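In what follows, a structure is listed as structure tokens, so that the remarks can point back to it.
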Number of protein chains: 2
Amino acid sequence: MKDISRAHCPIRRATDILTDQWSFLILREFFLEGRKRRFQDLQQELGLSPNTLSNRLKHLENTGILERRLYSSHPPRAEYVLTEMGARFGPVLEALYDWGTSYPETDKKPKSD
Amino acid sequence: MKDISRAHCPIRRATDILTDQWSFLILREFFLEGRKRRFQDLQQELGLSPNTLSNRLKHLENTGILERRLYSSHPPRAEYVLTEMGARFGPVLEALYDWGTSYPETDKKPKSD
DNA sequence: CGGTATCCCTATTGATACTG
DNA sequence: CAGTATCAATAGGGATACCG
């Protein structure tokens with residue numbers, strides 16, 4: 001592994017933004033389903049409450065990972081798209097996917113402590 | 001990006017285990033500082049309270065990512081080491097490191113929403 | 001359709017003191 | 001040294017109803 005310094009650590013910067021229950025999974029939808037996602041799409045795909053989704057989307061917007069585009073307000077039509085920074089997140093998800101794939105499903109149980 | 005299905009998604013498996021504030025950063029110490037870490041090392045390196053560290057270490061132990069080795073109880077001497085599964089986490093941290101490196105420090109502020 | 005507004009619950013975290 | 005015990009604050013999250 002390359003030189004990772006603790007001061008201003010890039011991993012710390014990443015986890016400060018992303019370590020809630022949903023952010024990784026929201027971003028995953030953009031790589032799995034398409035670059036443009038709508039509020040209702042995400043809600044159905046992920047099965048989370050609208051207020052939670054709203055909070056997380058705003059957070060990802062404020063941190064420059066997603067961009068919100070409002071096309072009409074009546075009826076409302078909004079789309080969320082990955083920014084440059086958001087698009088660069090693909091390799092992280094791939095690495096996480098690979099790791100998760102090799103995680104044993106049965107002999108160790110997540111969240112059971 | 002490869003085929004990522006939502007049912008039994010490996011990324012979901014990963015985030016179920018790791019999306020708290022500290023787990024990524026604890027694991028990072030094992031790649032940055034060495035494969036064997038002691039309780040006090042981690043506490044000083046990360047600057048978290050002992051109960052929080054204790055909780056997270058137990059969680060990582062229960063999920064098969066770290067192994068705890070107790071060598072003597074008086075004075076106590078314990079070491080935490082990466083399991084096979086834990087060692088495979090390196091690429092994820094590297095990808096996250098790369099992403100974090102390209103994250104702009106100034107124009108967008110994490111955790112400020 | 002794309003959200004807000006409430007209400008409420010729980011997990012995570014910090015601070016601090018203490019123990020074998 | 002390696003934790004545990006308490007106490008308390010707070011952020012994340014679910015459920016539900018509602019709004020423009």
Side-chain angles (χ1 to χ4, degrees), chain A residues 12 14-30 33-34 36-63 65-81 109-113, chain B residues 12 14-30 33-34 36-63 65-81 109-113:
Chain A
R12 172 68 118 136
T15 61
D16 279 349
I17 300 171
L18 298 162
T19 53
D20 58 273
Q21 185 183 147
W22 291 111
S23 291
F24 278 88
L25 299 174
I26 288 171
L27 290 175
R28 161 174 146 283
E29 294 302 318
F30 286 82
E33 293 293 339
K36 301 182 182 192
R37 301 276 80 209
R38 299 180 62 177
F39 195 91
Q40 203 179 206
D41 297 335
L42 293 167
Q43 202 190 332
Q44 288 171 357
E45 287 156 7
L46 296 165
L48 76 178
S49 60
N51 50 5
T52 298
L53 179 56
S54 180
N55 284 340
R56 295 302 93 204
L57 287 174
K58 277 183 187 161
H59 182 60
L60 292 171
E61 230 193 309
N62 291 339
T63 50
I65 295 168
L66 291 180
E67 186 191 336
R68 177 173 179 270
R69 293 180 183 163
L70 186 63
Y71 289 104
S72 82
S73 48
H74 182 56
R77 172 179 173 81
E79 281 178 353
Y80 292 87
V81 297
K109 285 170 288 178
K111 288 291 185 202
S112 62
D113 51 344
Chain B
R12 172 67 117 136
T15 60
D16 278 349
I17 299 172
L18 297 163
T19 52
D20 57 274
Q21 185 183 145
W22 291 113
S23 291
F24 277 89
L25 298 174
I26 289 171
L27 290 175
R28 161 174 145 284
E29 295 302 319
F30 286 81
E33 293 292 339
K36 299 182 181 191
R37 301 276 79 207
R38 298 179 62 175
F39 194 92
Q40 203 180 206
D41 297 335
L42 293 168
Q43 203 191 331
Q44 288 170 358
E45 287 157 7
L46 295 166
L48 38 41
S49 60
N51 50 5
T52 299
L53 179 57
S54 180
N55 284 341
R56 297 300 92 205
L57 287 174
K58 276 182 185 161
H59 182 60
L60 292 171
E61 230 193 308
N62 291 339
T63 49
I65 295 167
L66 291 181
E67 186 191 335
R68 177 174 179 269
R69 292 180 183 163
L70 185 62
Y71 290 104
S72 81
S73 48
H74 181 56
R77 173 180 173 81
E79 282 178 353
Y80 292 87
V81 297
K109 287 170 286 178
K111 288 293 184 202
S112 62
D113 52 345

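Just so it is clear: chains get the letters A, B, ... in the order the sequence lines come, proteins before strands, and each one is counted from 1. Here the structure is a predicted model, which is why all the values come from computation and not from measurement.
- Closest to the side chain of A:F39, out of C:dT4, D:dT4, C:dG3, is C:dG3.
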Query raised in the report: Under the side chain to side chain contact (heavy atoms under 4.5 Å, CB included) criterion, do B:S23 and B:I17 qualify, and how do the steps go?
Result: CA-CA 8 Å; B:S23 291; B:I17 299 172; over 6 Å; no

Query raised in the report: Do A:L48 and A:L42 pass the side chain to side chain contact (heavy atoms under 4.5 Å, CB included) test, and can you show the C-alpha distance, the side-chain angles, and the key distance before you say yes or no?
Result: CA-CA 9 Å; A:L48 76 178; A:L42 293 167; 5.7 Å; no

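- Residues B:N55 and B:W22 fail the side-chain proximity criterion, which asks for heavy atoms closer than 4.5 Å.
- Taking only side-chain nitrogens and oxygens, A:R38 never comes nearer than 4.0 Å to OP1 or OP2 of C:dC1.
- For the pair B:N55 CG and C:dG14 C1', the interatomic distance rounds to 12 Å; values are reported in whole Å.
- B:L48 comes within 4.0 angstrom of sugar-phosphate atoms only, judged by non-hydrogen atoms across all strands, and of no base.
- One finds no side-chain N or O of A:W22 lying less than 4.0 angstrom from the OP1 or OP2 phosphate oxygen of D:dA11.
- Across all strands shown, B:Y71 has no heavy atoms under 4.0 Å from either base or sugar-phosphate atoms.
- Of the side-chain N and O atoms in A:T52, none sit less than 4.0 angstrom from OP1 or OP2 of D:dG12.
- Atom CD in A:E61 sits roughly 13 Å away from atom C1' in C:dG3 (whole-Å rounding).
- Scanning for side chain to side chain contact (heavy atoms under 4.5 Å, CB included) contacts around A:R68 gives A:E61, A:L70, A:A78, A:Y80, with sequence neighbours left out.
- Within 4.0 Å of A:P75, counting heavy atoms only, lies no atom of the nucleic acid at all.
- Of the candidate nucleotides D:dG14, C:dT16, C:dT13, C:dT13 has the atom lying nearest to any side-chain atom of B:D20.
- Among residues two or more places apart in sequence or in another chain, the salt bridge (charged side-chain N to carboxylate O under 4.0 Å, His left out) test is passed with A:R38 by none.
- Atom CZ of B:R77 and atom C1' of D:dA2 are 12 Å apart (whole Å).
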What protein N or O atoms touch nucleotides 7-9 of chain D N or O atoms at under 3.5 angstrom, if any, and at what distances?
none

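- B:Q43 places its CD atom 9 Å from the C1' atom of D:dG3, with the value rounded to the nearest Å.
- Checked against C:dG14, C:dA17, D:dG14, the side chain of B:Q21 finds its nearest nucleotide in C:dG14.
- At the phosphate of D:dC1, neither OP1 nor OP2 sits under 4.0 Å from any side-chain N or O atom of B:Y80.
- Listed pair B:R56 / C:dT13 meets the phosphate criterion, a side-chain N or O lying under 4.0 Å from OP1 or OP2.
- Look at A:S54 and you'll find a side-chain N or O under 4.0 angstrom from OP1 or OP2 of C:dT4.
- C:dA11 atom C1' lies 14 Å from atom CG of B:D16, rounded to whole Å.
- Rounded to the nearest 0.5 Å, atoms NZ (B:K58) and CG (B:N62) are 9.0 Å apart.
- Protein atom CD1 of B:I17 is 17 Å distant from nucleotide atom C1' of C:dT12, rounded to whole Å.
- Proximity of A:K58 to the phosphate of C:dG2: no side-chain N or O atom is located under 4.0 Å from OP1 or OP2.
- Between A:L27 and A:L18 there is a side-chain heavy-atom pair separated by less than 4.5 Å.
- For the OP1/OP2 pair of D:dC1 and a distance below 4.0 Å, the side-chain nitrogens and oxygens of B:Q40 include at least one atom meeting the criterion.
- The residue among A:P50 and A:S73 whose nearest nucleotide of DNA chain D lies closer to the 5′ end is A:P50.
- To the nearest 0.5 Å, atoms CG (B:L60) and CD (B:E67) are separated by 13.5 Å.
- Following rounding to the nearest Å, B:Q44 (CD) and D:dC1 (P) show an atom-to-atom distance of 8 Å.
- Counting all heavy atoms, side chain and backbone alike, A:L25 lies closest to A:L46 at O-CD2, 3.8 Å.
- Regarding contacts with the backbone of C:dT13, every side-chain N or O of B:S49 stays at 4.0 angstrom or more from both OP1 and OP2.
- One interatomic measurement links the two molecules: CG of A:L46 to C1' of C:dG2, which rounds to 16 Å at whole-angstrom precision.
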